[in-house]
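The structure under discussion appears below in the form of structure tokens.
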Amino acid sequence: MFVHGFTLGKGSPAASRVSKQLAREGIGMLRFDNLGIGDSDGDWGDGSFTVKVQDTIRAAAMMAERGTPADLLVGHSWGGAAVLAAAAEATGVRAVATIGAPVDPSHVERQYDAVVDRVLSDGSHEWFVGGRTLILKRAFVENVRRAHLRDRIGELDLPSVPPIDLPTRHPARRPGTLGTDDGCLAG
């Protein structure tokens with residue numbers, strides 16, 4: 001199963017390329033849009049890190065019920081953080097791979113730091129990102145700030161790939177993520 005980044009969808013270049021290459025290698029992949037993104041229903045602003053993790057767990061359970069368990073969870077960026085958080089509870093998961101996953105999910109606050117004070121004081125605020133306007137809500141910001149991933153990573157009893165040092169120009173290299181000298185988990 002592939003879990004996309006913060007405001008990306010199942011059709012994002014990362015999701016598409018990784019899933020298609022794994023399919024060519026004989027590994028079937030489920031991609032889905034999270035709440036309010038792409039083809040999904042609902043309002044993106046009603047989501048949170050917890051919702052993204054729970055959606056991942058539910059998708060793994062659905063696959064297991066169909067007889068095709070999600071042996072592998074792959075996540076890109078914020079989706080990588082979500083698969084790390086979901087892995088212990090997701091039915092049938094035997095391995096996790098992440099691409100540029102932050103160890104601290106609240107790193108996404110840099111994406112909306114220009115409006116976060118207004119969101120916290122007013123309860124919500126419009127935020128223009130990726131060519132569209134989304135509504136960022138206080139509950140979302142507060143939920144992301146409470147997401148603590150380090151302990152969950154340490155408790156995972158799954159195979160892992162050692163972090164790969166990415167070239168400086170690589171978009172996944174951002175301070176505050178896990179694995180390499182600057183904290184990016186890319187394996």
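Just so we're clear, the structure is a prediction, and the values are computed from it rather than from any experiment. Heads up: numbering here begins at 1 and tracks the sequence.
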For [X] and [Y], work out which heavy atoms get closest and say how close.
| X | Y | answer |
| --- | --- | --- |
| Ala60 | Ala90 | CB-CB, 3.7 Å |
| Ser77 | Pro102 | O-CD, 3.2 Å |
| Ala86 | Ile57 | CB-CG1, 3.7 Å |
| Ala87 | Val93 | O-CB, 4.2 Å |
| Ala82 | Thr56 | CB-OG1, 4.5 Å |
| Gly80 | Thr98 | O-CG2, 3.6 Å |

Heavy atoms of other groups near Arg58 CZ, more than 12 under 6.0 Å: yes
CD/Glu126: more than 12 non-hydrogen atoms of other groups inside 6.0 Å: no
Any sub-3.5 Å donor-acceptor pair from [X]'s side-chain atoms to [Y]'s backbone N or O?
| X | Y | answer |
| --- | --- | --- |
| Ser121 | Arg118 | yes |
| Asp71 | Arg94 | no |
| Arg138 | Leu120 | yes |

Single-linkage hydrophobic cluster Phe128~Phe140, side-chain heavy atoms < 4.5 angstrom: no
Path from Leu156 to Val83 over hydrophobic side-chain contacts below 4.5 Å: yes
Between [X] and [Y], is any pair of side-chain heavy atoms under 4.5 Å apart?
| X | Y | answer |
| --- | --- | --- |
| Thr68 | Met63 | yes |
| Trp78 | His107 | yes |
| Leu73 | Val3 | no |
| Val119 | Tyr112 | no |
| Leu84 | Arg152 | no |
| Val116 | Arg145 | yes |
| His76 | Val18 | no |
| Arg17 | Gln21 | no |

Straight-line distance of [X] [atom1] to [Y] [atom2], nearest 0.5 Å:
| X | Y | atom1 | atom2 | value |
| --- | --- | --- | --- | --- |
| Ser106 | His148 | OG | NE2 | 8.5 Å |
| Thr133 | Trp127 | OG1 | CH2 | 11.0 Å |
| Met62 | Asp55 | CE | CG | 11.5 Å |

Pair Val51-Gln54, side chain to side chain contact (heavy atoms under 4.5 Å, CB included): steps then yes or no: CA-CA 5 Å; Val51 168; Gln54 291 303 313; 5.8 Å; no
Residues Arg110, Asp113: salt bridge by 4.0 Å N-O rule: no
